[in-house]
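Structure, as structure tokens:
Just so it is clear: chains get the letters A, B, ... in the order the sequence lines come, proteins before strands, and each one is counted from 1. Bear in mind the structure is a predicted one, so any value in this text is a computation, not a measurement.
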Amino acid sequence: MGAITRGIAGNLTTGGVFIASAINNTSVGSVTSFASVPSGGSLKLLQTQNASSSATIDFTSNIDATYKSYMFRFYNIHLATDGAEFEFQADTGTNTNYNQTITSTYFLAEHTEASGGGAFSYQDSRDQAQGTAFQHLGVDLGTDADQGCSGFMQIFEPASTTFRKDFICQLQQAHQNDLSLVGYIAGYFNTTTAITRFRFKASSGNVDSGTIKLYGVS
Amino acid sequence: MGTITRGFANNITTSGLLLPGAFNNSSFNNVTSVASGAVDSGAMQFISTSTASTSASIAFAFSGSYKEYLFFYTDIHPGTDNAQFMINFSTDSGSNYNVAKTNTIWLSQHGESTENSVGKFYKTTLDLENATGNCMINVDSGADADQTTSGYLHVFAPHDTTFVKQFISTNNYSQSGDYSIHSHVAGYANTTSALTHVRFIMNTGNIDSGKISMYGIS
């Protein structure tokens, strides 16, 4: 015990504060989690869902006032039905109707793998004016084995009870006719009730495969 | 020794719990790492930065196993006026940058001198149709001392061996004719092989200066 006492004392200031020689990497080697230490980054992964012939992909938790905005990131979303559209809606509380009022815009740029083409257009059949339908994200998606879509969508202050809820999405896609197509979708949920949940699905058939990740942005 | 013992005693509770006074910032000077995952560092990880200095090109390996890679480029200054800043991908560890790509490119622009120069344009002469050449992410960038390009590039799931590889880039730059141009480029690398590298290069001359940073998103 005497030897131990001397060892500790050598690593203390006269005020009893541990000096650097008292602690090294080995000392903290058994600490595998600092539960209360905040994340060092501004992008926090909250949830990952992998589609597997999924009729819907729902995110029903983690969406509250913790973060100012939330971001969904889509990786190789592959639908089961050729020409189907990837789409989303939201709901409040614990409701499961997914029919919030949306006003949105949709424009896209497209270019074929074959020679020629290349166009830029507004999609008035895919926007909404105070509509409650699912909002189109992916357009006439291809179901070849290597086709899919990837991108991201940010939702701003879904927990606000004062403001509408803005969203912005960019989705790069492989169209069923072998087009490279990028969609720029933006709009707002015209409600002052907090939005707590989101649903993603195909307009026809299911979501064969793909990954959707939900992040909090601080 | 007695003084030290009394000082330390003041920094522990009667049950032996260390109080805040037992440590200060210097106490941890010899702790240079903690167990993996012990501190949540966020879902977006800085990987590396490359600073151009009259560089013929700048390449990055898709190191790690991230689902997505994000490149921020800041103040890219071409060595030659009217140069195009471009990207291409490699599937063979950087030996060749010649992956087939189909992409879109459109611009919105505004001149410094006249309102007549505003507009948005799809660039049918600059997009790629399953071509292996470099993909332009700006057009006719200016090489005046104060002219640059800044923006970002997302590459989704480059390690995947099932799907094509989607990418999205958004930029703003000073065009050689003194326009501010917002360029939007998106497409896919039409291969099911894993991408190993991305390379940034000018169509003529070098990258005089600027910084490109790579991040992984998990």
Side-chain angles (χ1 to χ4, degrees), chain A residues 5-6 8-9 12-25 27-29 31-34 37-45 73 75-76 78 109-120 145-152 170 172-174 179-182 184 211 213 215, chain B residues 1 3-11 21-24 26-45 67-68 101-106 120-124 127-130 154 156-157 160 162-164 166-168 170 184 186-188 190 192 217-218:
Chain A
T5 301
R6 282 195 298 278
I8 291 174
L12 291 168
T13 66
T14 54
V17 178
F18 284 107
I19 63 175
S21 58
I23 307 167
N24 61 18
N25 292 346
S27 308
V28 298
V31 180
T32 57
S33 175
F34 293 93
V37 176
S39 169
S42 57
L43 193 64
K44 169 75 171 176
L45 177 62
R73 305 188 84 83
Y75 300 97
N76 289 331
H78 184 259
E110 61 182 288
H111 186 211
T112 178
E113 291 181 11
S115 180
F120 181 85
D146 63 351
Q147 291 182 315
C149 61
S150 297
F152 41 85
Q170 284 188 55
Q172 166 59 27
Q173 312 160 37
L179 304 171
S180 172
L181 186 154
V182 57
Y184 301 87
T211 300
K213 294 182 173 233
Y215 300 84
Chain B
M1 295 296 291
T3 301
I4 292 173
T5 301
R6 282 195 300 275
F8 181 54
N10 290 335
N11 288 332
F23 302 101
N24 60 24
S26 297
S27 304
F28 296 92
N29 280 355
N30 287 338
V31 179
T32 56
S33 68
V34 295
S36 178
V39 175
D40 184 350
S41 55
M44 182 168 153
Q45 295 289 308
K67 197 76 170 171
E68 177 183 346
K101 297 166 293 301
T102 298
N103 75 281
T104 57
I105 176 169
W106 64 275
K120 64 180 189 303
F121 308 95
Y122 186 93
K123 304 297 286 187
T124 54
D127 53 13
L128 295 176
E129 300 155 356
N130 227 18
H154 296 266
F156 298 91
D160 182 89
T162 301
F163 296 102
V164 300
Q166 314 282 1
F167 60 90
I168 296 173
T170 302
H184 304 262
Y188 50 78
N190 198 359
T192 56
I217 298 178
S218 56

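Looking at A:Q147, the atoms closer than 4.5 Å to chain B (heavy atoms on both sides) all sit in the backbone: N, CA, C or O. B:T170 touches chain A through its side chain: at least one heavy atom from C-beta onward sits under 4.5 Å away, while N, CA, C and O do not. Heavy atoms closer than 4.5 Å to chain A are found in the side chain of B:K120, but not in its backbone. Interface remark: A:Y215 contributes side-chain atoms only to the contact with chain B (heavy atom separation under 4.5 Å). Residue A:A109 touches chain B through both its backbone and its side chain, counting heavy-atom pairs closer than 4.5 Å. Only the backbone of A:T112 has a heavy atom closer than 4.5 Å to any heavy atom of chain B. With a 4.5 angstrom heavy-atom cutoff, B:F167 touches chain A only via backbone atoms. Residue contact with chain A, scored on non-hydrogen atoms closer than 4.5 Å, involves the side chain of B:T192 exclusively.
Between chain B and the residues A:C149, A:A119, A:A174, the most heavy-atom pairs under 4.5 angstrom are made by A:A119. Contact count against chain B (heavy-atom pairs under 4.5 Å) is highest for A:N76 among A:N76, A:I19, A:L45.
For the side-chain contact (heavy atoms from CB on, under 4.5 Å) test with A:S150, the passing option among B:H154, B:E68, B:Q166 is B:Q166; the others fail. When the options B:T124, B:D127, B:L128 are evaluated for a side-chain contact (heavy atoms from CB on, under 4.5 Å) with B:I105, the one that passes is B:D127.
In this structure the side chain of A:F152 reaches within 4.5 angstrom of the side chain of B:F156, judged on heavy atoms.
Partners of B:A186 according to the side-chain contact (heavy atoms from CB on, under 4.5 Å) rule, which considers only residues two or more places apart in sequence or in another chain, are A:Q172, A:V182, B:T104, B:I168. Partners of A:T211 according to the side-chain contact (heavy atoms from CB on, under 4.5 Å) rule, which considers only residues two or more places apart in sequence or in another chain, are A:T48, A:N50, A:Y75, A:K213, B:K67.
Taking the six-membered ring where tryptophan is involved, the planes of B:H184 and B:W106 are essentially parallel, since the angle between them stays under 30° and well short of 60°.
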*Verify side-chain contact (heavy atoms from CB on, under 4.5 Å) between A:V17 and B:F23, making sure each step is shown before the conclusion.*
CA-CA 5 Å; A:V17 178; B:F23 302 101; 5.5 Å; no
